[in-house]
Amino acid sequence: MISGRGSNLQALIEAAANPGYPAQIVLVISDRPEAAGLTWAGRAGIPTQVIASRDRTAFAAAADRALRDTGAELVALAGFMRILDTGFVESWRNRLLNIHPSLLPAFPGLHPQRQALSAGVRFSGCTVHFVRPEVDRGPIVAQAVVAVGPEDDEASLSARILAAEHRLYPLAVRLFAQRRLQIVGERVAVGGWATAPAAVLLNPPESLVSVGG
Ligand code: GRF
C-alpha cells in the first residue's frame with residue numbers, strides 16, 4: 001500500500017522479479033490516484049487499485065475486500081501516509097509490515113530524519129516492523145544503520161537512509177515469505193538467525209584522533 005513516490009515498492013518489484021524470490025506482489029493499493037508508484041506497478045504488470053475514500057472505516061473496508069479478493073497473505077506499507085483503522089490493523093495483525101526511516105523506537109511520526117538531525121545522533125537508519133495500532137510501533141523485524149555526518153542535511157540523510165530501505169524491505173519480506181518470522185511476546189524471533197554482524201562502527205571515526213592523543 002502506497003501513497004506517493006513508490007521507491008520502496010520499486011525495490012520490492014525488482015526483488016520479486018528474481019525467480020528465486022519467495023514472494024510475489026499481487027496488488028498495489030494507493031489512497032492517492034496521482035501516486036507515482038502506481039506507474040511502477042502498472043509497468044510491472046501488477047494490478048493496482050486506488051481507494052481514495054477519506055473515511056477511515058470505508059477505506060479499510062475497501063482495502064480489506066480487495067486484499068482478500070487477491071488472496072494476499074501479507075500487506076506491506078511502503079510510504080503509505082494514512083493512519084489505518086484499528087479494526088484493519090487487528091485483522092491483519094502479524095501480516096502487516098511497515099518501513100520507517102529511523103531506528104525505532106527513536107523518532108516515530110513525521111520527519112524522522114529531521115528529528116534525528118536535531119537530536120544530534122551519530123547513527124540513524126530504518127526499521128521494518130509489524131504494525132500495531134499505535135503509529136510506528138510494533139515488533140521489529142529488521143533494521144539498517146547509516147552514519148550521520150557533520151555535513152548532513154535532511155536531504156542527504158534521507159537519501160542515505162532510503163538506499164538502505166531499498167535493501168532492507170526486500171530482506172524483511174523475504175524472511176516473512178520464508179515463514180521465518182515468529183512473534184514471541186511482541187519480539188520477533190528470526191528462524192535460522194544465529195549471529196549478528198560483528199562490526200563495531202564508531203562515529204566520529206577513530207581516525208579523527210591520533211592514538212593516545
Ligand atoms: C520512505 O522513507 C518510508 O520509510 C516512509 O515513507 C517513505 C516512502 O518512500 N514510510 P517511497 O514512496 O517508498 O519512495
Side-chain angles (χ1 to χ4, degrees), residues 1-18 21 23 25 28-44 46 48 74-84 96-131 135-138 140-176 196-197 199-208:
M1 291 170 58
I2 61 166
S3 295
R5 181 178 55 185
S7 71
N8 276 289
L9 167 65
Q10 174 75 352
L12 289 168
I13 290 172
E14 275 170 29
N18 180 329
Y21 198 74
I25 306 172
V28 172
I29 293 177
S30 173
D31 62 321
R32 294 177 49 211
E34 70 279 15
L38 289 170
T39 312
W40 297 122
R43 273 191 210 150
I46 300 165
T48 59
L74 170 71
V75 180
L77 306 181
F80 181 72
M81 296 308 288
R82 291 228 217 160
I83 295 182
L84 284 165
L96 178 57
L97 290 176
N98 181 43
I99 186 158
H100 182 76
S102 76
L103 293 174
L104 290 173
F107 317 131
L110 291 176
H111 308 300
Q113 302 93 340
R114 200 184 299 170
Q115 293 184 53
L117 288 169
S118 329
V121 294
R122 301 319 195 198
F123 295 99
S124 191
C126 50
T127 305
V128 175
H129 64 98
F130 284 105
V131 174
V135 172
D136 299 327
R137 278 297 176 87
I140 291 170
V141 174
Q143 293 186 307
V145 170
V146 305
V148 182
E151 77 293 356
D152 268 319
D153 58 17
E154 197 177 349
S156 65
L157 180 59
S158 300
R160 196 170 318 116
I161 293 174
L162 194 64
E165 293 184 47
H166 297 161
R167 293 169 59 189
L168 193 71
Y169 219 172
L171 168 75
V173 170
R174 177 191 283 272
L175 289 170
F176 180 93
V200 174
L201 198 55
L202 280 64
N203 189 30
E206 283 166 313
S207 59
L208 184 72

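In this chain, numbering begins with 1 at the start of the sequence shown. Predicted model, so just to flag it, every value in this text is computed and none were measured.
Looking only at distances, no side-chain donor or acceptor of S30 sits under 3.5 Å from a matching main-chain atom of A35. In this structure, the side chain of N203 engages the main chain of V148 through a donor-acceptor pair within 3.5 Å. In this structure a side-chain-to-backbone donor-acceptor pair under 3.5 Å is present from S158 to E154. Side-chain atoms of D152 come within 3.5 Å of backbone N or O of G149 as a donor-acceptor pair. Using modelled atom types, one side-chain atom of T127 and one backbone atom of S102 make a donor-acceptor pair closer than 3.5 Å. In this structure, Q113 contributes its side chain and S156 its backbone to no donor-acceptor pair below 3.5 Å. The main-chain N or O of A147 is found under 3.5 Å from a side-chain atom of R160 such that the two form a donor-acceptor pair.
With a 6.0 Å radius and a threshold of 12 heavy atoms from other residues, nucleotides or ligands, R82 has its CZ atom above the threshold.
Q10 CD to R5 CZ: the interatomic distance, rounded to the nearest 0.5 Å, is 12.0 Å. Rounding to the nearest 0.5 angstrom, the gap separating the CZ atom in F176 from the CG atom in L96 is 10.0 Å. Between atom CZ of residue R137 and atom CG of residue L104 there is a gap of 8.5 Å, rounded to the nearest 0.5 Å. The CG atom of L97 lies 8.0 Å from the CG atom of L77; values are rounded to the nearest 0.5 Å. Note: L103 CG to Q143 CD = 5.0 Å, rounded to the nearest 0.5 Å. Rounding to the nearest 0.5 Å places CG of L157 at 12.0 Å from CZ of R114.
When all heavy atoms are compared, the tightest approach of H129 to G138 is CB-O, 3.7 Å. I25 and L9 get closest at one heavy-atom pair: CD1-CD1, 4.4 Å. Counting all heavy atoms, side chain and backbone alike, C126 lies closest to L168 at O-CD2, 3.7 Å. Shortest non-hydrogen contact noted between A23 and V173 is CB-CG1, 4.1 Å. Heavy-atom minimum distance, I2 versus L38: CD1-N, 3.8 Å. When all heavy atoms of P204 and R122 are compared, the pair lying nearest together is CD-NE, 4.3 Å.
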Give the C-alpha distance, both sets of side-chain angles, the deciding distance and a yes or no for side chain to side chain contact (heavy atoms under 4.5 Å, CB included) between L84 and M1. CA-CA 11 Å; L84 284 165; M1 291 170 58; 4.0 Å; yes
The test is side chain to side chain contact (heavy atoms under 4.5 Å, CB included); show your working for I161 and H100 and say whether it passes. CA-CA 10 Å; I161 293 174; H100 182 76; over 6 Å; no
With side chain to side chain contact (heavy atoms under 4.5 Å, CB included) as the criterion, how do I29 and F80 come out once you've worked through the C-alpha distance, each side chain's angles and the decisive distance to 0.1 Å? CA-CA 9 Å; I29 293 177; F80 181 72; 5.7 Å; no
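The side-chain heavy atoms of V75 and V131, taken from C-beta on, include no pair separated by under 4.5 Å.
The side-chain contact (heavy atoms from CB on, under 4.5 Å) test with F107 is passed by exactly one of P101, S118, P112: P112.
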